Amino acid sequence: MHRSPVTGPDRMPAEGDVSRSYPLAGHRLSVAGGTRVGQRYSANFDVLHVDPVLPFLAVADGMGDGRGSTIAGGTTMETMVAGIRAAAPDIGPGQLRAAMAQAQSRVRAAGAELDELTGCTFTGLVVVPPATGPGAAGSTHPPAGGVTEAPFPAEPGVVGQGVGPRRTAPIARSGLGGTAPDPAGVTELSGWIVQIGDSRAYRLRAGLLELLTVDHTAAWLGAVYGWYPADSPAAAAARYQLTRYVGHPAMPEPDLLNVALRPGDVYCLCTDGVAEQLDYQRLASRLGATGSPADTVRGVLADTLVAGGRDNATIAVLRVEP
């Protein structure tokens with residue numbers, strides 16, 4: 001069975017880690033990401049992107065362990081990166097939905113040529129420049145943080161490669177953008193989370209770890225509506241029945257969430273190879289540690305291997321620093 005990873009000049013090695021830093025509006029965004037194939041699969045079907053120019057990070061997780069998984073993850077990441085780069089700095093819900101719609105179309109077209117499931121999940125976070133004043137979206141003036149060119153120069157291309165456990169085929173929110181000053185008069189950054197499937201976005205703020213996204217699975221619906229006990233075999237089976245994903249026949253839209261980024265915040269994007277193997281307390285402890293985001297990434301990925309490495313595991317972490 002073909003399992004070759006998608007390759008390209010910008011792509012990270014499947015077992016590679018990356019870290020970057022972005023100055024923006026008087027803040028520094030420190031970002032790190034990494035991926036591990038684990039101990040169950042011979043290939044990595046997750047895709048990790050940490051953009052070299054924009055404060056944009058994303059993870060995707062293929063469905064199945066064949067060529068359809070590889071193509072879906074790579075195609076989706078390439079399409080989303082290209083769409084966000086083309087829209088920058090005026091990135092908002094319309095541009096994100098349009099990029100996802102294009103990814104849906106491209107993955108569906110690729111899947112029509114394959115005799116296997118072709119789909120993936122996707123979760124991304126892009127930080128936008130301040131909405132007003134120097135450095136505002138659409139302005140050519142630098143933001144307060146001292147960037148000396150237009151904050152988000154759009155460039156073609158893509159970064160990322162990587163990796164997921166295998167899912168079954170389908171069972172047949174958004175906010176307003178912008179930034180605002182906090183009560184002390186300091187510019188508060190904002191970001192957009194775009195998510196479809198069951199890769200997740202978390203935020204650690206003031207010691208509280210919150211799950212910001214919803215799993216698009218039958219298990220999530222079952223937990224909400226009480227269809228079966230959370231620890232039942234039925235719930236376990238429903239965990240891998242996705243109600244939304246890229247490549248779904250109905251071409252569903254993603255969830256969009258606008259979030260404020262405050263000094264001290266830690267945002268975490270991860271595939272279910274992380275979320276399913278690390279419990280809440282362990283993940284909160286790792287994200288709240290005093291080391292660098294790169295240290296956090298390495299620690300989380302090491303924990304997934306200690307937990308059994310039952311799936312590909314991919315994580316991207318963003319820390320907001322004053």
Side-chain angles (χ1 to χ4, degrees), residues 5-24 27-38 43-62 70 73-74 76-82 84-85 88 120-127 147 151-164 191 193-194 199-202 204 261 265-275 278 283 286-287 289 291-305 309 311-321:
V6 179
T7 59
D10 286 330
R11 295 188 176 282
M12 291 175 50
E15 294 291 301
D17 297 342
V18 64
S19 59
R20 303 191 190 282
S21 180
Y22 312 88
L24 187 62
H27 301 277
R28 180 168 296 277
L29 308 178
S30 297
V31 177
T35 183
R36 298 290 184 272
V37 71
N44 194 333
F45 300 94
D46 287 358
V47 183
L48 168 68
H49 180 87
V50 177
D51 201 87
V53 177
L54 312 182
F56 169 46
L57 50 153
V59 299
D61 185 354
T70 299
T76 298
M77 191 65 75
E78 290 173 0
T79 304
M80 294 301 296
V81 170
I84 287 171
R85 286 181 172 179
C120 71
T121 71
F122 178 88
T123 301
L125 167 63
V126 58
V127 183
V147 176
F152 293 172
E155 300 176 1
V158 157
V159 181
Q161 165 52 41
V163 228
I193 293 173
V194 52
S199 292
R200 293 179 170 181
Y202 294 88
L204 181 71
L261 282 76
D265 283 355
V266 179
Y267 284 82
C268 167
L269 310 184
C270 64
T271 61
D272 65 345
V274 172
L278 270 64
L283 185 58
R286 284 293 190 187
L287 295 175
S292 68
D295 293 335
T296 299
V297 165
R298 286 190 291 267
V300 167
L301 293 176
D303 287 344
T304 66
L305 297 176
D311 192 10
N312 306 144
T314 300
I315 182 173
V317 172
L318 180 151
R319 178 180 295 159
V320 184
E321 300 172 351

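Worth saying up front: this structure is predicted, and the values here are computed from it rather than measured. Values reported hereafter were calculated over all heavy atoms of this structure, with side chains retained and with hydrogens, waters and symmetry mates removed.
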Compare every heavy atom of [Y] with every heavy atom of [X], then report the nearest pair and how far apart it is.
X    : Y    : answer
I315 : C268 : CD1-SG, 3.7 Å
L24  : P55  : CD2-CG, 4.3 Å
S30  : S21  : OG-OG, 4.3 Å
G33  : V297 : C-CG1, 3.7 Å
A294 : S19  : CB-CB, 4.4 Å
Y22  : L54  : CE2-O, 2.9 Å

Determine yes or no for a side-chain-to-main-chain donor-acceptor pair under 3.5 angstrom, with [X] supplying the side chain and [Y] the backbone.
X    : Y    : answer
T314 : T271 : no
D265 : V320 : no
Y267 : A201 : no
T304 : L301 : yes

Distance in Å, [X] [atom1] paired with [Y] [atom2], rounded so as to fall on 0.5 Å steps:
X    : Y    : atom1 : atom2 : result
R20  : L318 : CZ    : CG    : 13.5 Å
C270 : L283 : SG    : CG    : 6.5 Å
I84  : D51  : CD1   : CG    : 8.5 Å
D61  : D272 : CG    : CG    : 5.0 Å

Quick one: are N312 and T35 in side-chain contact, heavy atoms under 4.5 Å? no
Is any side-chain heavy atom of R319 closer than 4.5 Å to a side-chain heavy atom of T296? yes
Not counting sequence neighbours, which residues clear ring pair (Phe, Tyr, Trp, His ring centres under 6.0 Å) with F56? List them please. H49
For Y202, check side chain to side chain donor-acceptor pair (under 3.5 Å) against everything at least two apart and list the hits.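 Result, side chain to side chain donor-acceptor pair (under 3.5 Å) vs Y202: R200.
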From V59, L57, L269, residue fulfilling side-chain contact (heavy atoms from CB on, under 4.5 Å) relative to L48: V59
For D17, is there an ion pair with R36 - N to carboxylate O distance below 4.0 angstrom? yes
Side-chain H-bond candidate by donor/acceptor type, T121 with S199, under 3.5 Å: yes
